[in-house]
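Everything on this sheet refers to the single structure shown next.
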Amino acid sequence: MVKTRKAPAKAKGGKAAVKVRSKPSAASKSTKPPAKKKAAPASAGSTKAVRLTFSYDGPAVKLVSQDRVEMTVPPTDPLKGFGKQKGFWAELRNKQDKTLYRQVIHNPTRNDAEVFPDPDESPEQSIAREAAPKRKGVFVVLVPDTDEGDSVTMCRSPLDKTGPGRGIRAFASKPAIKFRRFKLMK
Amino acid sequence: MGTSDGKVKGSTKIVDAGPNTQRWNVAIVSEGYRESEMGQFAADAQQFANTLLAAAPFDRLRAAINIHRVDVTSTDSGAKDPKCGTSGGTGAKPKTYFDASFCTQGIRRLLVGNSGRVMNVVKKLVPQVHIALLEVNSPIHGGSGGSVATFSKAPGAVEIALHELGHTAFSLADEYEYSRDCRQGGHEKHSQSEPSQPNITTNKNRATTKWARLIKATTAVPTTVNANCKVCDPQPTPVPAGTVGLFEGADYFHCRVYRPEFDCRMRNIGMPFCAVCQQAIVKKLTPFLPT
């Protein structure tokens with residue numbers, strides 16, 4: 001059966017309401033591995049979520065909005081053994097800085113783009129990458145809404161200054177470090 | 001331009017597996033469809049839903065997935081198609097709600113809409129949305145990833161959406177081993193750092209690699225080795241399709257990084273997801289299945 005919902009009002013483009021508190025963290029600090037005590041499965045069966053919407057303009061990331069939503073949150077990514085991994089992810093942490101939930105994210109702050117040539121133009125290669133230094137847009141992080149959750153920490157691999165991946169975020173080779181921390185609103 | 005060039009009409013749940021609070025919610029949003037073309041968008045969205053739910057592993061996760069069609073009209077049909085250097089472009093400038101355009105940043109096939117505007121619309125109509133896709137009413141081949149996977153109506157462009165869904169919703173890495181092409185320098189050896197994504201690894205230890213449990217004892221590890229790290233590995237697969245092992249070359253590098261199967265949707269669009277990618281998707285969507 002098909003269910004229809006009318007637009008509640010004319011949806012306006014542009015910025016969502018900005019009611020956030022954010023705290024930049026020391027970029028040089030490495031990510032802290034989770035405590036030895038087994039973390040609670042923060043997302044298991046949870047139907048309370050906080051949706052954080054971020055905007056990015058090049059490498060800069062801003063928190064645009066936090067919304068509490070009744071919805072199921074996907075399960076956490078591994079909470080152990082990621083301390084030296086490369087990539088981009090968000091961590092829900094408690095006041096003691098223990099990681100409760102972690103979501104690996106395909107780095108949205110890249111300075112290149114995935115391009116899909118027309119099959120007639122490139123029959124051998126269905127995907128390629130091209131430089132795209134001025135990327136901007138939004139991305140969303142969903143975390144469980146728990147009493148314990150205090151902040152969301154964003155981690156990503158720093159840009160390589162030398163070597164084959166120099167200056168290109170998709171090729172960043174070093175372990176991720178935390179670059180921003182956002183306090184959750186209660 | 002933008003929101004004055006159309007109207008948000010509403011949303012329709014075209015695949016209903018249960019309450020939005022308990023299911024994984026996909027929103028497919030229209031761009032560049034005039035009011036008179038919304039019937040066509042309904043058909044296009046249904047076709048996308050059918051394609052998604054026919055693709056493994058989504059075919060066995062149907063009970064976990066709701067799909068919502070979000071109807072937004074535009075003043076004109078299509079997407080902006082500026083003259084794009086020597087790559088073509090018709091110069092068309094239709095007025096559309098999300099301002100989708102080809103030739104983004106000078107790249108002919110890079111089709112991008114205003115992702116912030118898309119998310120604002122979708123969050124109002126489908127508050128429990130997990131992933132949004134933008135279907136652009138244009139026959140020109142193109143698409144893009146990011147928080148809102150975007151694709152045109154060109155034949156095969158829906159495959160772009162499925163590949164990008166792998167990135168955005170399931171954190172899957174690219175399994176191709178080059179950037180622009182296989183001869184481009186600077187892609188010889190991957191760093192020693194282990195990637196955070198579930199479908200690529202630098203660990204070639206049979207017992208401890210990420211997908212160790214899916215590798216049969218009879219499968220050689222590594223399964224392929226690139227003899228010349230200056231280029232992509234040209235050898236054909238030495239094992240039957242579907243064999244899980246450690247195949248050298250992935251994550252934009254020719255050597256020292258491994259993918260789980262010889263081919264996969266995260267390596268070539270048009271292919272199915274490999275077993276390891278399927279496992280990652282199943283793991284993420286299992287909590288959305290009815291209990």
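Lettering of chains follows the sequences in order, A, B, ..., and the numbering in each one begins at 1. All values below come from the heavy atoms of this structure, side chains included, with hydrogens, waters and symmetry mates left out.
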Considering only heavy atoms, which portion of [X] lies under 4.5 Å from any heavy atom of chain A: side chain, backbone, both, or neither?
X        : result
B:Glu164 : side chain
B:Ile107 : side chain
B:Val129 : both
B:Arg267 : backbone
B:Lys284 : both
B:Asp251 : side chain

- Message: Within a 6.0 Å radius of atom CZ on B:Arg180, are there more than 12 heavy atoms belonging to other residues, nucleotides or ligands?
- Response: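 Open: at most 12 neighbouring heavy atoms sit under 6.0 Å from CZ of B:Arg180.
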Between [options], who has the most heavy-atom pairs with chain A when the cutoff is under 4.5 Å?
options                               : result
B:His130, B:Gln197, B:Lys189          : B:His130
B:Asp181, B:Thr168, B:Val112          : B:Asp181
B:Ser115, B:Gly186, B:Ser179, B:Gly10 : B:Ser179
B:Trp24, B:Tyr252, B:Phe253           : B:Tyr252

- Give a yes or no answer on whether the side chain of B:His190 reaches the backbone of A:Ser173 with a donor-acceptor pair at less than 3.5 Å.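 Pair absent, no side-chain N/O of B:His190 close to backbone of A:Ser173.
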- Message: Please check this pair: side chain of A:Thr72 against backbone of B:Thr21, looking for a donor-acceptor N/O pair closer than 3.5 Å.
- Response: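 Yes, A:Thr72 side chain to B:Thr21 backbone: donor-acceptor pair under 3.5 Å.
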Once you round to the nearest 0.5 Å, how far does [atom1] of [X] lie from [atom2] of [Y]?
X        : Y        : atom1 : atom2 : answer
B:His187 : A:Phe171 : NE2   : CZ    : 4.5 Å
A:Ser55  : B:Met119 : OG    : CE    : 13.5 Å
B:Ser144 : A:Phe116 : OG    : CZ    : 8.5 Å
A:Arg102 : B:Ser196 : CZ    : OG    : 6.0 Å
B:Ile160 : A:Ile127 : CD1   : CD1   : 9.0 Å
B:Asn20  : A:Thr47  : CG    : OG1   : 12.5 Å

- Pair B:Lys283 + A:Asp77, salt bridge at N-O below 4.0 Å: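 Looking at A:Asp77 together with B:Lys283, the answer is no, because their closest N to O distance does not fall below 4.0 Å.
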- Flag the pair A:Arg129 and B:Asp174 as a salt bridge only when some basic side-chain nitrogen lies within less than 4.0 angstrom of an acidic carboxylate oxygen.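 B:Asp174 and A:Arg129: salt-bridged.
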- Go through the side-chain N and O atoms of A:Glu114 and B:His163 and say whether any donor and acceptor fall under 3.5 Å apart.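 A:Glu114 vs B:His163: donor-acceptor pair found between side chains.
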What pair of heavy atoms forms the shortest contact from [X] to [Y], and how long is it?
X        : Y        : answer
B:Leu172 : A:His106 : O-ND1, 4.0 Å
B:Ser191 : A:Lys86  : OG-CD, 4.2 Å
A:Val138 : B:Ser147 : O-OG, 2.6 Å

Relative to chain B, which of [options] shows the most heavy atom pairs under 4.5 Å?
options                               : result
A:Pro108, A:Pro133, A:Pro78, A:Gly137 : A:Pro133
A:Arg110, A:Lys134, A:Glu130          : A:Lys134
A:Arg135, A:Met71, A:Arg166, A:Gln103 : A:Met71
A:Lys174, A:Lys136, A:Arg51           : A:Arg51

Interface moiety of [X] toward chain B, non-hydrogen atoms closer than 4.5 Å:
X        : value
A:Ala49  : neither
A:Val104 : both
A:Ser157 : neither
A:Ala132 : both

- Under a 4.5 Å cut-off applied to non-hydrogen side-chain atoms, are A:Ser126 and B:Met271 in contact?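 In short, these two side chains do not touch, never coming nearer than 4.5 Å.
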